[in-house]
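Here is the structure we will look at.
As the structure is a computational prediction, the values presented were derived from the model and not from experiment. Side-chain atoms are counted along with the backbone in the values below, which use heavy atoms only and exclude waters and symmetry mates. Lettering of chains follows the sequences in order, A, B, ..., and the numbering in each one begins at 1.
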Amino acid sequence: MERVKINRLLGSETALEQVIIKGWVRTKRDSKTFSFMEINDGSCLKSIQVIAGEELANYNEIEKVTTGSALCVTGRLVESPGKGQRWEIQADGVEIISVAPENYPLQKKRHTDEYLRTIAHLRPRTNKFGAAFRIRSEAIYAIHKFYRDKGFRCLSAPVITGSDCEGAGEMFRVTSLDPADVAKQGRMNFKEDFFGTQANLTVSGQLSAEMFAMALGDVYTFGPTFRAEDSNTSRHVAEFWMLEPEMAFCDLDANMDHAEELVKTLTRHVMEHCADDLALFTQFVDKKLGGVLDTLVNEDYARVTYDEGIEILLKSGKKFEFPVENGTDLQSEHERFLAEEHFKKPVFLTNYPKEIKPFYMRQNDDGRTVAAVDLLVPRIGELIGGSQREERLDVLEARMDEMGLPKEDYWWYLDSRRFGTVPHAGFGMGFERFLMLVTGITNIRDVVPFPRTPGKIDF
RNA sequence: UCCCCAGUAGCUCAGUUGGCAGAGCGAGUGGCUGUUAACCACUUUGUCCGCGGUUCAAAUCCGUGCUGGGGAGCCA
């Protein structure tokens, strides 16, 4: 007989004569002649109640079972006479797989997120983090399903790159050079390094995705990216996952349509498949989460240009710490005002001044702005950043010259504009930020299994 | 990297004017009960973050370092 996952038992329509479950004890309530044990196996938020009576041969052993211990229970699934649960298991046999000693760090009470971060290897055993990581898993599946249903191909972009072309902040260096030799020589001799040149961990798969969009049409990359920025905030980690679709024959408007459909589909998927886990976040993390999710799924997202956004901010009468100025990037407080107070829903901001955006974004006819788009959402700020790409070789090269970028390093990228270039567009979505949005979790470290931040690489 | 706040028992915290180190929870023991973060009784627990200074006396005041949190910048 095979063991059954607890989520299946709890959804059972009928009582069952014999079942086997395996899991860990969440709480235990003893009486003289029997014990109630809540068993959780991670298959769902809820635990199942097991009743073990003194008639069991090893009852004196069962009495010593503690929170965190692992059990294999054989028994009958019966309707529970007690309140609080429909089903429970009357145990016919309890095999003690292992007993957790009394210094098991997870107590039968709520712990702070800060404390649980210090035991990140154990925190998925808590209700909150178990729920968060089940949702994370389900969202990963939803992404691949969404793109497969739309006929996109998944591209595995390289994690180690030879160029820092994306220009998105500090990169982690990848080297096989011996630090002792480097110290002796007083420099890094990249010619002797593994790749014969400087190498880094990727900050974006976009340029790779553009190449494949010119071949497979619609593609996406979804994988880890790395930033060596010394940023200490609740919204940044050094290693995070980014989703980057790239679409041939696509302009800025279609890019936004796609982004809106993506966020709505992912959110709806999580709502449908993780209802219990989301309910925990609504109850304990953010009482307004239900409304946030409804807005994400049902509202049409606002779409305004950067210039219009600046106008709204200037006319708002709101006092900002930093002045609103056309030509500079928006501050966090500006983004939050637009999404949270003015529109009260996600808002696309388009056509930014070219000076504050990267070289690859398509120049608009006004010569001043580029076809960029950011999706700003309440509480998080920028969830998505993207653009229509510059497909015209002469315009792209001129822009690279203006910005002082070495064209020879980008020969392969420029080839895509030489041979059969087409209008195309794409964006990047920070996966962890999406998870923060749908769970209400306010610290990005709590949606990453083992977060990497400056000075921290435990576990 | 900058600004602000915090660090006291395993966890969450209190500690008044500088004057004997405290509570709740957890854990342990016993009891009781179809219990629901069970309940009742008893027991247990300290490098007051580290270092240096002021003082008769420092958890408390000063300096400094470390760690954590919030915000900013940068960004996703």
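- Residue A:Asn232 places a side-chain atom within donor-acceptor reach of the base of B:U1, judged by atom type and a 3.5 Å distance cut-off alone.
- Atom pair A:Ile62:CD1 and B:U35:P shows a separation of 20 Å (rounding to whole Å applied).
- Annotation: of the two residues near RNA chain B, A:Thr112 and A:Glu333, the 5′-most nearest-nucleotide partner is A:Thr112.
- Under a 3.5 Å cut-off, the side chain of A:Glu432 and the backbone N or O of A:Trp241 do form a donor-acceptor pair.
- A:Asp446 has its CG atom 9 Å from the P atom of B:G70, to the nearest Å.
- Within the nucleic acid shown, A:Gly385 has no heavy atom closer than 4.0 Å to any nucleic acid atom.
- Counting non-hydrogen atoms under 4.0 angstrom, A:Ile380 reaches nothing in the nucleic acid.
- Applying the Watson-Crick and G-U wobble criteria (two distances, each under 3.5 Å), B:A41 pairs with B:U29.
- Checking the phosphate oxygens (OP1, OP2) of B:A37, no side-chain nitrogen or oxygen of A:Thr27 falls inside 4.0 Å.
- The ring-ring contact (aromatic ring centres under 6.0 Å, His included) check on A:Tyr147 picks up A:Phe152, A:Tyr220, A:His258, with sequence neighbours excluded.
- Using a 4.0 Å heavy-atom criterion, one finds that A:Val237 contacts the bases of the nucleic acid, with or without backbone contacts as well.
- Taking 4.0 Å as the cut-off between side-chain N and carboxylate O, A:Asp329 and A:Lys357 do not count as a salt-bridged pair.
- Interface remark: the A:Lys109 side chain does form a donor-acceptor pair with the B:C11 base, using a distance-only criterion of under 3.5 Å.
- A sub-4.0 Å separation between OP1 or OP2 of B:G69 and a side-chain N or O of A:Arg117 is present.
- Remark: B:C20 base-pairs with no nucleotide; criterion is Watson-Crick or G-U wobble with both hydrogen-bond distances under 3.5 Å.
- Between A:Gln107 and B:A37 there is no side-chain polar atom (N or O) within less than 4.0 angstrom of OP1 or OP2.
- Distance, A:Glu38 CD to B:G34 C1': 13 Å, rounded to whole Å.
- Residue-to-nucleotide contacts include no donor-acceptor pair under 3.5 Å from the side chain of A:Glu114 to the base of B:G70.
- With hydrogens and angles left out, the side chain of A:His111 and the base of B:C11 share no donor-acceptor pair within 3.5 Å.
- Within the 4.0 Å cut-off from OP1 or OP2 of B:G73, at least one side-chain nitrogen or oxygen of A:Ser332 is found.
- A ring-centre distance under 6.0 Å is not found for A:Phe431 and A:Phe240.
- Judged by distance alone, with hydrogens and angles left aside, A:Gln90 brings a side-chain donor or acceptor within reach of the base of B:G34, the pair sitting under 3.5 Å.
- Under 4.0 angstrom from either OP1 or OP2 of B:A38 there lies at least one side-chain N or O belonging to A:Arg29.
- Listed nucleotides B:U35, B:A27, B:G10 differ in distance to A:Tyr115; the shortest reach to its side chain belongs to B:G10.
- Between A:His269 and A:Phe146, a ring centre-to-centre spacing not shorter than 6.0 Å is recorded.
- No side-chain donor from either of A:Asp113 and A:Asn443 sits under 3.5 Å from a side-chain acceptor of the other.
- The partner of B:U60 cannot be assigned: no Watson-Crick or G-U wobble pair with both contacts below 3.5 Å exists in any strand.
- Of the possible polar contacts, none joining the A:Thr453 side chain to the A:Lys456 backbone as a donor-acceptor pair under 3.5 Å is found.
- At the heavy-atom level, A:Glu88 lies under 4.0 Å from base atoms of the strands shown.
- Pairing for B:U1 goes to B:A72, judged as Watson-Crick or G-U wobble with the two contacts each under 3.5 Å.
- Comparing atom distances between the A:His236 side chain and each of B:U36, B:A72, B:C75 picks out B:C75 as nearest.
- Close to B:G68, at under 4.0 Å from its OP1 or OP2, lies a side-chain N or O of A:Lys456.
- Across all strands shown, B:A6 pairs with B:U67; the Watson-Crick or G-U wobble distances both stay below 3.5 Å.
- Side-chain nitrogen and oxygen atoms of A:Arg235 include at least one within less than 4.0 Å of the OP1 or OP2 phosphate oxygen of B:A72.
- For the P atom pair drawn from B:A59 and B:G22, the interatomic distance equals 13 Å after rounding to whole Å.
- Here the P atom of nucleotide B:A72 and the CZ atom of A:Phe320 are 13 Å apart, to the nearest Å.
- Residue A:Gln331 is in sugar-phosphate contact alone, with no base atom involved, counting any heavy-atom pair closer than 4.0 Å across all strands shown.
- The phosphate of B:G70 (OP1 or OP2) has no side-chain N or O of A:Thr233 nearer than 4.0 angstrom.
- Within 4.0 Å (heavy atoms only), A:Lys28 reaches no atom of the nucleic acid at all.
- From A:Met242, atom CE reaches atom CZ of A:Phe427 across 11.5 Å, with rounding to the nearest 0.5 Å.
- Rounded to whole Å, atom C1' of B:G34 lies 15 Å from atom CD of A:Glu54.
- Of the candidate nucleotides B:C75, B:U12, B:G34, B:G34 has the atom lying nearest to any side-chain atom of A:Gln49.
- A:Asn103 comes within contact range of no nucleotide atom at all, as no heavy-atom separation falls under 4.0 Å.
- Summary of the strand contacts: A:Asn443 and A:Gly84 both lie near RNA chain B, and taking for each the nucleotide with the nearest heavy atom, the more 5' one is attributed to A:Gly84.
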